[in-house]
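What follows is a single structure, written as structure tokens, with notes after it.
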Amino acid sequence: AIVVEFEAMELATLLAIGGQADGYFVLGADDAVLLASNPALQSAGQGLDTADLDGWVTTGRTIPGRPDIRLLVAMTHERAFAAVTGIRGIALLALVCTIAALVVGIVLTAYLATRPLTDFTESIRGIGRSSDLAVRVQPQGAAEFRELAHAFNRMILRLQETTTSRDETDNILNSMSEMLIVVDRHGCVRSVNQAACRLLCYDREDMTGRQIGEFFLSPSDDTETMTSVRGRRERGKKRSVETVAVTSIGKTIPVLLSSSNLVADDTSEANAGAIYVALDISDRKLAETELRKTQEQLYTAIEAMSEAFALYDAKDRLALCNSRYREFYAESAPAIRVGAKFEDIIRYGAENGQYAEAIGRIEEFVAERVLLHRHPTGKLIDQQLSDGRWLRVQEQRTRDGGIVGLRTDITGLKDREAELRRQSEALAVSNTHLEREIGRHMVTAASLRESESRARAVFETAADGVV
């Protein structure tokens with residue numbers, strides 16, 4: 001007899017599993033059948049041949065506490081996967097329905113979404129073909145497409161407000177007094193305005209297609225200037241250069257040539273060319289020549305002055321002086337340079353013994369002299385240098401806030417004044433002596449007159465004749 005003991009929970013588990021299966025087996029050691037629900041498959045006490053279970057789905061479990069006893073549950077393949085087969089059919093049907101719904105949704109969405117987009121695209125193409133910025137896109141479709149149409153209409157409105165017609169642009173360019181030449185990325189002329197044709201004495205067709213360097217040449221090096229301008233343009237930089245324009249009759253015109261890039265529509269290219277603007281500066285050059293002549297005459301006149309001349313700007317910096325000014329202030333000459341402040345120049349001279357009255361009181365002297373310099377009253381100031389020379393300083397303020405000053409050497413005048421003072425003093429001493437002599441002479445004369453009176457009285461009263 002075979003006795004198998006199970007606890008209540010284990011027995012319930014075994015019965016629950018076995019009730020759902022087509023057959024179950026209790027196997028002992030070496031898979032010997034201890035109990036079988038289907039004796040036709042295998043007799044009890046014999047080893048279970050697994051080949052007899054082909055086409056079955058089996059599940060084995062070891063009995064807890066009895067590792068030598070194992071429970072084997074078997075079900076036919078059809079029954080085991082009946083639920084899976086049903087679910088598979090349902091899933092397949094659901095998949096077909098889902099795909100069909102998705103296709104319908106895609107088609108419907110494509111129609112609803114692309115129809116407004118197609119209309120919007122056709123409207124934009126119509127505006128592009130007609131080149132009429134007054135045309136507007138009609139908002140339709142979803143809210144997003146309506147908002148897009150409104151945004152596009154606003155952009156067209158702003159573009160219409162800021163865009164001029166081609167005829168208006170041509171009128172503006174042709175009304176320019178400056179020469180305007182447009183070249184491609186290789187330096188060939190594409191377009192010119194009337195000012196360029198008029199000043200260079202060319203027809204527009206004659207200039208089109210030719211190199212820009214054929215019309216603008218440098219006085220010193222024809223090729224270098226234009227190559228430099230093109231090189232700067234290719235690096236995306238702007239440049240202005242003074243050069244010479246050559247007309248068709250060989251006449252040269254000095255011009256100020258400026259260039260700037262034209263941005264290409266195709267971003268693969270560095271640039272689409274450049275715009276050259278040339279300004280006729282003949283009048284300016286003539287004025288500069290006249291100004292240089294005037295300046296040279298002015299400098300010559302200033303240099304020819306016997307007085308020292310100096311001009312300080314509104315910031316009290318030296319703007320101009322003649323060589324006489326540096327000669328008078330020899331000790332301060334290293335500090336006398338254009339752009340130097342008056343205070344720095346006067347301090348340098350005081351520190352190097354230029355001024356006799358600054359010895360022992362440099363800061364006080366500098367402060368006093370700067371104050372008189374910055375607030376000129378037109379009063380003449382006599383200044384003694386360390387070498388004994390005397391300068392008469394006269395300063396006046398100009399209309400633009402500058403200060404012009406003259407220094408005159410009055411050493412001879414000071415010497416004559418000193419000589420006159422010495423002669424005056426000597427004359428005063430002589431006058432004093434003379435007055436004393438005159439006093440003595442007057443006393444003597446009085447005594448003589450008195451003696452003469454007495455003698456005359458004696459003579460007159462004498463009884464005898466006196467000869």
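Please read these numbers as outputs of a predicted model, since none were measured by experiment.
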* Evaluate the ring planes of H373 and F342, with Trp represented by its six-membered ring, and classify them as parallel (under 30°), tilted (30 to 60°) or perpendicular (over 60°). => parallel

* Asked: Is it true that R324 and E327 make a salt bridge, defined as a side-chain N closer than 4.0 Å to a carboxylate O?
  -> yes

* Structure fact -> In this structure, OG of S430 is separated from CD of E435 (nearest 0.5 Å) by 11.0 Å

* Asked: Taking all non-hydrogen atoms of both residues, which atom of C197 and which atom of D203 are closest, and how far apart?
  -> SG-C, 4.2 Å

* Is it true that a side-chain atom of E303 and a backbone atom of S323 form a donor plus acceptor pair closer than 3.5 Å? -> yes

* Atom CD of Q394 and atom OG1 of T408: how far apart are they, to the nearest 0.5 Å? -> 7.5 Å

* For the atom pair CG (L427) and CZ (R422), what is the distance rounded to the nearest 0.5 Å? -> 14.5 Å

* Applying side-chain hydrogen bond (donor to acceptor under 3.5 Å, both in side chains), name anything that partners Y329, two or more places apart in sequence or on another chain. => Q383, R407

* **L320 and Y299: CA distance, side-chain angles, deciding distance, side-chain contact (heavy atoms from CB on, under 4.5 Å) verdict** => CA-CA 9 Å; L320 176 66; Y299 294 153; 3.7 Å; yes

* Verdict with reasoning, R361 to E368, per side-chain contact (heavy atoms from CB on, under 4.5 Å) -> CA-CA 11 Å; R361 51 185 300 273; E368 294 171 359; 2.7 Å; yes

* Does any non-hydrogen side-chain atom of V255 lie less than 4.5 Å from one of M179? -> yes

* **Worked verdict on K285 versus E290 for salt bridge (charged side-chain N to carboxylate O under 4.0 Å, His left out)** => CA-CA 9 Å; K285 286 293 185 181; E290 294 298 329; over 6 Å; no

* Heavy-atom check, side chain of M207 versus side chain of R190, under 4.5 Å -> no

* **Carboxylate-amine/guanidinium contact K414 D382, below 4.0 Å** => yes

* Asked: Looking only at heavy atoms, what is the nearest atom pair of R317 and G339, with distance?
  -> NH1-O, 3.1 Å

* Asked: What's the spacing between S191 OG and D184 CG if we round to 0.5 Å?
  -> 12.0 Å

* Asked: Would a 4.5 Å heavy-atom cut-off, applied to side chains only, mark I410 and L391 as touching?
  -> no

* With a cut-off of 6.0 Å (strictly less than), are more than 12 heavy atoms of other residues, nucleotides or ligands near CG of D283? -> no

* V366 versus I346, closest heavy-atom pair with distance -> CG1-CG2, 3.9 Å

* Verdict with reasoning, Y276 to F216, per ring pair (Phe, Tyr, Trp, His ring centres under 6.0 Å) -> CA-CA 10 Å; Y276 287 90; F216 299 99; 7.2 Å; no

* Asked: Please walk me through it: do T398 and I403 pass side-chain contact (heavy atoms from CB on, under 4.5 Å)?
  -> CA-CA 6 Å; T398 61; I403 297 174; over 6 Å; no

* Evaluate the side-chain proximity of V182 to V192: yes if any heavy-atom separation is below 4.5 Å, no if none is. => no

* In terms of side-chain geometry, is the basic nitrogen of R369 or E343 positioned less than 4.0 Å from the acidic oxygen of its partner? -> no

* To the nearest 0.5 Å, how far apart are OG1 in T247 and OH in Y202? -> 7.0 Å

* **Other residues, nucleotides, ligands: >12 heavy atoms within 6.0 Å of R204 CZ** => yes

* **Shortest non-hydrogen separation from L279 to E178 and the atoms involved** => CD1-CG, 3.6 Å

* To do: May I ask you to test the T411-R389 pair for a side-chain heavy-atom distance under 4.5 Å?
  => yes

* **Side chain N352, main chain Y348, donor-acceptor under 3.5 Å** => yes

* To do: Look at K315 together with D313 and state whether they make a salt bridge at an N to O cut-off of under 4.0 Å.
  => no

* To do: Decide, yes or no, whether a salt bridge links R292 with E296 under the criterion of side-chain N to carboxylate O below 4.0 Å.
  => no

* Identify the heavy atoms of S332 and I345 that sit nearest to each other, and give their distance. => OG-O, 4.2 Å

* Asked: Distance from I302 atom CD1 to L311 atom CG, nearest 0.5 Å?
  -> 8.0 Å

* **Lys/Arg-Asp/Glu bridge criterion (N-O < 4.0 Å) met for E307, R392** => no

* Taking the side chain as every heavy atom from C-beta outward, state whether I212 and I181 have any atom pair closer than 4.5 Å. => yes

* Quick one: do E331 and S386 satisfy side-chain contact (heavy atoms from CB on, under 4.5 Å)? Show the steps, please. => CA-CA 10 Å; E331 286 79 2; S386 58; 4.2 Å; yes

* Taking the six-membered ring for Trp, is the centroid-to-centroid distance between Y325 and F309 below 6.0 Å? -> no

* Asked: Are any of the side-chain heavy atoms of L200 and S248 separated by less than 4.5 Å?
  -> no

* Answer yes or no: is there a side-chain heavy-atom contact under 4.5 Å between T432 and L434? => no

* Asked: What's the shortest heavy-atom distance between I381 and L372, and which atoms?
  -> CD1-CD1, 3.9 Å

